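Below: the structure, in structure tokens.
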Amino acid sequence: MDGSDGMLVVFAESVSPDLARTLDLGGYSWKAVASVDEAGESEPAAGWRAAIVEIGDDAEHAWSFCRALRQHHDGSARILLLVPGGQLGDLELRDDLFDDFCLCPFHPAELDARVRHLTWASGVAPVSRSDLVEYGELVLNLETYQATIAKRPLDLTYMEYELLKFLAQNPGKVFTREILLSRVWGYEYYGGARTVDVHIRRLRAKLGEEYAGLIATVRSVGYRFGQSRWGN
């Protein structure tokens, strides 16, 4: 990516080696800044289209940066927060200041996935290869985290995308809610089966009435994506 197009700004007192490595391996052009003024001085002609903001010891300083970025230009820059678990409460009533968040310390693979999901809609295209999952009219791009149905873009959250991806990669197989929780959310997730039901309901709504049936309920068992090889 040409640095003149580079639209990923990282707001942090100091960028950790894990964060820098994740962004570099992802092919992003990025710039670290520690203040609103520095971000303005370094801003490319096309503007900052996305930002990673670390909610550190000076949380109010970070929130001020988010507000400034939202107010700048047309407010289209998408914002991903890096937030310690102990500061999750600070996210309440601030939904308008960010688009997604990642808990710290983060796993590099999760952060990379969230950054890809955040940036594809902003026109940020990291160096990547074509990697698609296709089932009928459904297409998922594993590199850019885009999803379309009948060429219509699907506006999915990170976990909605992960659930749909897992199901689409295993068509015809039936999964219990417990298996979906462990395979999609991870063994360390303590949410109950209702979490799966809520996400399935949202996915069906976003797929639309015509395609909601791609995700079938198997009574007393769980869910299946696509047709069973047994034809029922």
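As the structure is a computational prediction, the values presented were derived from the model and not from experiment. Sequence positions, counted from 1, serve as the residue numbers for this chain.
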Partners passing side-chain hydrogen bond (donor to acceptor under 3.5 Å, both in side chains) against Y211 (at least two apart in sequence or in another chain): none
Nearest non-hydrogen partners of P153 and T148, listed with the distance: CA-CG2, 3.9 Å
E137 and L207: CA distance, side-chain angles, deciding distance, side chain to side chain contact (heavy atoms under 4.5 Å, CB included) verdict: CA-CA 11 Å; E137 296 289 335; L207 288 170; over 6 Å; no
Full working for side chain to side chain contact (heavy atoms under 4.5 Å, CB included) between L19 and L82: CA-CA 10 Å; L19 176 55; L82 300 181; 4.0 Å; yes
Set of residues satisfying salt bridge (Lys or Arg N to Asp or Glu O under 4.0 Å) with respect to E162, sequence neighbours excluded: K165
Side chain to side chain, T195 and W185, heavy atoms closer than 4.5 Å: yes
From CD (Q71) to SG (C66), nearest 0.5 Å: 11.0 Å
Ring-ring centroid check F175 F225, cutoff 6.0 Å: no
Considering all heavy atoms, the nearest A77-W48 contact: CB-O, 3.4 Å
Under the side-chain hydrogen bond (donor to acceptor under 3.5 Å, both in side chains) test, residues paired with D100 that sit two or more places apart: R114
Heavy-atom donor-acceptor pair, K31 side chain to V10 backbone, under 3.5 Å: no
Min side-chain heavy-atom separation V15-L23 under 4.5 Å: no
Shortest non-hydrogen separation from R152 to K206 and the atoms involved: NH1-O, 3.3 Å
Any donor-acceptor N/O pair, S182 side chain to I179 backbone, under 3.5 Å: yes
Close side-chain approach of V196 and I200, heavy atoms under 4.5 Å: yes
Within 6.0 angstrom of E60 CD, more than 12 heavy atoms from elsewhere: yes
Check: N141 side chain, L132 main-chain N or O, donor-acceptor pair, under 3.5 Å: no
Heavy-atom side-chain contact between L97 and L69 under 4.5 Å: no
Heavy atoms from other residues, nucleotides or ligands near CD of E134 exceed 12 (cutoff 6.0 Å): yes
Criterion side chain to side chain contact (heavy atoms under 4.5 Å, CB included) on Y161 and L140, from CA distance to verdict: CA-CA 9 Å; Y161 182 93; L140 294 94; 3.8 Å; yes
Stepwise side chain to side chain contact (heavy atoms under 4.5 Å, CB included) check, F98 with W63: CA-CA 9 Å; F98 65 95; W63 287 116; 4.1 Å; yes
D58 side-chain N/O to H61 backbone N/O, donor-acceptor pair under 3.5 Å: yes
Under 3.5 Å: donor-acceptor pair, side chain of E38, backbone of A34: yes
Side chain R70, main chain D96, donor-acceptor under 3.5 Å: yes
Interatomic distance, L103 atom CG to E110 atom CD [nearest 0.5 angstrom]: 7.5 Å
Check: residues 86-95 side-chain donor-acceptor pairs under 3.5 Å, at least two apart:
from: R94; atom 1: NH1; to: D90; atom 2: O; distance (Å): 2.7

Sub-4.5 Å side-chain heavy-atom contact between E13 and E54: no
Note: D197-R177 ion pair, threshold 4.0 Å (strictly below): yes
Donor-acceptor contact present, side-chain R224 to main-chain G226, <3.5 Å: yes
Nearest-0.5 Å distance, CG of residue D99 to CG of residue L81: 9.0 Å
Those residues that, when tested against D112, pass side-chain contact (heavy atoms from CB on, under 4.5 Å) (two or more places apart): T22, Y28, R116
Main-chain N/O of Q146 paired to H117 side chain as donor or acceptor, under 3.5 Å: no
Close side-chain approach of L163 and L203, heavy atoms under 4.5 Å: yes
Side-chain donor/acceptor of R78 to backbone N/O of L118, under 3.5 Å: yes
Gap between atom CD1 of I149 and atom CG of L138 - 0.5 Å precision: 4.5 Å
W30 side chain near V9 side chain, heavy-atom distance below 4.5 Å: no
Non-hydrogen atoms of L80 and C102 that approach each other most closely: CD1-N, 4.1 Å
Shared-cluster residues of V218, by chain and number - hydrophobic side chains joined below 4.5 Å: V174, V221
Joint cluster assignment, L180 & V198, ILVMFWY side-chain distance < 4.5 Å: no
Least distance between heavy atoms, R204 atom then I215 atom: NH2-O, 2.7 Å
Pairwise distance NE2(H199) to CG(L181) - rounded to 0.5 angstrom: 10.0 Å
Contact check, side chains of P108 and R21, non-hydrogen atoms, under 4.5 Å: no
Ring geometry between F11 and F65 (parallel below 30°, tilted from 30 to 60°, perpendicular above 60°): parallel
